[in-house]
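Working notes, beginning with the structure itself.
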Amino acid sequence: MDALQQILTNPAYHDYLAILKGARNGFVYGVKVRFPHAVVMSILFGRGDWQSRLRNIYRATKQHAFNLAKFVTLYKTFLLVQRKANGGKERSSDTFVAGLLGGYLVFGERNAVNEQIVLYVVSRVVSSFLPRATRQPSPDVSAGSVLKPLPPDSRYFTVFAALSWGAVMWLFRHRGETIQPDPALA
């Protein structure tokens with residue numbers, strides 16, 4: 001046990017242990033997010049007997065959890081490799097490259113779970129371009145600080161919400177084959 005404690009507290013292993021911790025956290029988060037969603041969707045819109053519904057809940061939860069764990073593992077590994085290749089310094093493009101490679105390898109396969117995750121990520125990216133209610137300098141995330149999200153300026157958010165709903169309802173009616181089906185909109 002003492003040898004394990006030495007490994008866990010040794011700074012030389014910090015980056016590698018962070019990869020393992022990230023994988024575990026990705027898996028846990030995937031279960032926490034997907035399982036309740038899959039249960040509710042199965043109850044409200046599921047087809048078939050309860051045994052097949054339970055299999056679908058398990059399959060979707062497992063896929064979501066493992067995909068997030070794989071992504072975090074690859075992302076942190078790619079960051080580490082790039083940092084080591086750059087003499088121990090992280091460049092601003094490293095996060096983009098690591099996310100690009102991880103996203104391609106893990107979420108590049110088209111299936112229902114990956115589509116939902118990618119659509120969620122796209123919505124976060126698009127909404128990040130909305131002007132914020134207040135302007136504060138972003139703290140250095142690598143220094144261990146926690147970022148508190150700044151809400152969008154309510155004037156711009158109102159327009160964004162209206163355009164989003166107007167567009168999705170128009171697409172639903174006139175080009176339904178181009179959008180992901182959502183039983184709640186039916």
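Just so it is clear, the structure is predicted and the values come from calculations on it, not from any experiment. We count residues from 1, following the sequence as given.
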### Query
Looking only at heavy atoms, what is the nearest atom pair of Ile57 and Ala38, with distance?
CG1-O, 3.7 Å
### Sequence neighbours excluded, every pair satisfying salt bridge (charged side-chain N to carboxylate O under 4.0 Å, His left out) that has a member inside residues 9-30
Asp15-Arg83
### Backbone N/O of Val125 and side chain of Ser128: donor-acceptor pair under 3.5 Å
yes
#### Entry: Sub-4.5 Å side-chain heavy-atom contact between Val97 and Arg91
no
### Task
Report the distance from atom CG of Leu54 to atom CG of Asp49, rounding to the nearest 0.5 Å.
9.0 Å
#### Entry: From OG (Ser93) to CD (Gln82), nearest 0.5 Å
6.5 Å
### Query
How far apart are the C-alpha atoms of Thr178 and Leu171, what are their side-chain angles, what is the distance that settles it, and do they pass the side chain to side chain contact (heavy atoms under 4.5 Å, CB included) test?
CA-CA 7 Å; Thr178 66; Leu171 286 168; 3.8 Å; yes
### Task
Search all heavy atoms of Ile43 against all heavy atoms of Arg53 and return the closest pair with its distance.
O-NH1, 4.0 Å
#### Entry: Residue pairs, two or more places apart or on separate chains, that pass salt bridge (charged side-chain N to carboxylate O under 4.0 Å, His left out) and touch residues 100-114
Arg110-Glu115
### Query
Distance-only, no hydrogens or angles: does the Thr158 side chain make a donor-acceptor pair with backbone N or O of Ser154 under 3.5 Å?
yes
### Message
Count I, L, V, M, F, W, Y as connected when their side-chain heavy atoms are under 4.5 Å apart, and connections chain through other members. Are Val121 and Phe66 then in the same cluster?
### Response
no
### Closest approach of Ser42 to Trp50 (non-hydrogen atoms, all atoms of both residues)
OG-CZ3, 4.4 Å
### Query
Any idea which heavy atoms bring Ala23 and Thr73 closest together, and the distance?
CB-OG1, 3.1 Å
### Task
Give, for atom NZ of Lys62 and atom CZ of Arg34, the distance between the pair rounded to the nearest 0.5 Å.
15.0 Å
### Task
Report the distance from atom CG of Asn114 to atom NE2 of His64, rounding to the nearest 0.5 Å.
9.0 Å
#### Entry: Euclidean distance, Tyr75 OH relative to Asp94 CG, rounded to 0.5 Å
9.0 Å
### Task
Measure from the side-chain N and O atoms of Asn86 to the backbone N and O of Gly88, and report whether any donor-acceptor pair falls under 3.5 Å.
no
### Task
Before giving the answer on side chain to side chain contact (heavy atoms under 4.5 Å, CB included), spell out for Leu74 and Tyr104 the whole-Å C-alpha distance, their side-chain angles and the decisive distance to 0.1 Å.
CA-CA 11 Å; Leu74 289 170; Tyr104 177 80; over 6 Å; no
### Other ILVMFWY residues reachable from Leu163 by side-chain steps of under 4.5 Å
Val159
#### Entry: Polar side-chain atom of Ser127 near backbone of Arg124 as donor-acceptor pair, under 3.5 Å
yes
#### Entry: Single-linkage hydrophobic cluster, 4.5 Å side-chain cutoff, Val122 and Phe172 together
no
### Query
Are the side chain of Arg132 and the backbone of Leu130 linked by a donor-acceptor contact shorter than 3.5 Å?
yes
### Query
Parallel, tilted or perpendicular: which describes the rings of Phe157 and Phe160, with under 30° parallel and over 60° perpendicular?
tilted
### Query
Honestly curious: do Val106 and Tyr29 fall in one hydrophobic cluster under the side-chain, below-4.5 Å linking rule?
yes
### Message
Nearest 0.5 angstrom please: Arg47 CZ to Asn56 CG, how far?
### Response
11.0 Å
#### Entry: Other cluster members, Val81 - Ile/Leu/Val/Met/Phe/Trp/Tyr, side-chain contacts below 4.5 Å
none
### Message
Going by salt bridge (charged side-chain N to carboxylate O under 4.0 Å, His left out), name the pairs with one or both residues in residues 153-172, residues two or more places apart or in two chains.
### Response
Asp153-Arg155
#### Entry: Smallest separation among heavy atoms of Gly26 and Val72, with atom names
CA-CG2, 4.4 Å
### Task
Test Thr61 against His37 for side chain to side chain contact (heavy atoms under 4.5 Å, CB included), laying out the working first.
CA-CA 9 Å; Thr61 302; His37 176 268; over 6 Å; no
### Query
For His174, does the NE2 atom have more than 12 heavy-atom neighbours from other residues, nucleotides or ligands under 6.0 Å away?
yes
### Task
Hey, can you tell me if Phe71 and Phe107 have their rings parallel, tilted or perpendicular (30° and 60° cut-offs)?
tilted
### Query
If Ile, Leu, Val, Met, Phe, Trp and Tyr residues are connected whenever their side-chain heavy atoms lie under 4.5 Å apart, and connections chain through other members, are Leu150 and Tyr156 in the same group?
no
### Check against side chain to side chain contact (heavy atoms under 4.5 Å, CB included), Leu20 and Leu17
CA-CA 5 Å; Leu20 291 175; Leu17 293 172; 4.3 Å; yes
### Message
Do Val39 and Met41 land in one hydrophobic cluster if side-chain heavy atoms of ILVMFWY residues count as linked below 4.5 Å?
### Response
no
### Task
Output the rest of the hydrophobic cluster of Tyr16: all Ile, Leu, Val, Met, Phe, Trp and Tyr residues reachable through side-chain heavy-atom contacts under 4.5 Å, sorted by chain and number.
Ile19, Leu80
